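Structure first, commentary second.
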Amino acid sequence: MPSLQAARSLLGVRLVHHTAAGRRSGRIVEVEAYIGTEDQASHARFGRTNRNAVMFGPAGRAYVYLVYGMYDCLNVVTETAGHPAALLIRAVEPVDGTDQMRDARLARALRRAGATAATAERIRRLPVHALATGPGLVTAALGIDRSDNERDLCDPQSPLRLEVRPANERAPLVVATPRIGIGYAAEPWRSHAWRFIDASSPTVSGRDTAGGC
DNA sequence: GCAAAGATTTGCT
DNA sequence: GCAAATCTTTGCC
């Protein structure tokens with residue numbers, strides 16, 4: 001399936017993680033597409049490297065990388081083998097295991113140097129819908145890290161997997177906008193509306209949700 | 001080998 | 001609203 005179509009289809013899908021602590025899951029409400037070696041915002045722009053190798057493999061696998069030396073980001077690989085592409089999951093609306101997500105957010109935040117009591121208090125007061133509003137926060141809340149790289153997200157037996165949107169659930173209101181945090185990329189890649197959000201969800205990261213189609 | 005930058009988040013001015 | 005925190009990957013000498 002083409003990556004932009006896959007990105008739209010991913011909205012509303014459940015991201016599920018089973019650990020010793022139990023089941024955590026969330027409804028995907030924000031994704032970004034990174035497509036091909038020509039995309040000057042993609043990790044694949046320098047060709048195949050040790051880090052991005054999984055992007056060159058078959059669709060449905062997890063690509064997890066460390067960004068800014070601090071946060072892990074989760075992607076779903078798309079396109080056929082040999083065509084590097086992935087969808088960055090930027091936000092999910094928590095469904096199952098919300099207490100566990102809050103605990104994980106707290107534990108992660110307090111590990112940081114310079115962490116303050118005010119930060120811990122802020123996380124304790126966060127509404128459930130704001131527990132995973134950002135790519136680094138999705139992995140923090142769900143307990144995903146680089147050891148999950150290359151996992152098959154389409155395998156129903158996998159501890160980290162995708163599950164289809166429940167049939168009785170409302171369909172997402174899909175809006176497309178430019179991608180976030182890629183100011184280093186040249187045009188036209190910087191301006192492509194390859195970020196997709198469910199505009200009907202209270203859970204969306206970033207500020208500019210307007211200007212889409 | 002070394003320097004620089006990065007698909008982010010938090011804290012302080 | 002800006003800069004720090006933090007470390008892997010990439011590019012160049």
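All of these numbers come straight from a predicted model, not from anything done at the bench. Basis for what follows: all heavy atoms, side chains included, without hydrogens, waters or symmetry-related copies.
Stacking between A:Tyr34 and the base of B:dA7 is present: ring centres sit under 5.5 Å apart and the planes differ by under 30 degrees.
Distances from the side chain of A:Phe46 to the nucleotides B:dA7, C:dT10, B:dT10 place C:dT10 closest.
Regarding contacts with the backbone of B:dT10, every side-chain N or O of A:Thr116 stays at 4.0 angstrom or more from both OP1 and OP2. Of the side-chain N and O atoms in A:His43, one or more sit less than 4.0 angstrom from OP1 or OP2 of B:dA7.
Nucleotides C:dT6 and B:dC2 have their P atoms positioned 22 Å apart, rounded to a whole Å.
If you check distances only, the side chain of A:Tyr65 does reach the base of B:dA7 with a donor-acceptor pair under 3.5 Å.
A:Ser25 and A:Asp96 are linked by a side-chain donor-acceptor pair at a separation below 3.5 angstrom, with hydrogens and angles left out of the test.
As judged by a 4.0 angstrom heavy-atom cut-off over every strand, A:Asn50 is placed among residues making no nucleic acid contact. At the heavy-atom level, A:Ile182 lies under 4.0 Å from the strands shown only through sugar-phosphate atoms. No engagement by A:Arg111 is indicated, since no non-hydrogen atom pair under 4.0 Å with the nucleic acid exists. A:Arg108 comes within contact range of no nucleotide atom at all, as no heavy-atom separation falls under 4.0 Å.
Taken together, the paired segments of DNA chain C that extend over three or more consecutive Watson-Crick or G-U pairs, each closer than 3.5 Å at both contacts, are B:1-6 with C:7-12, B:8-12 with C:1-5.
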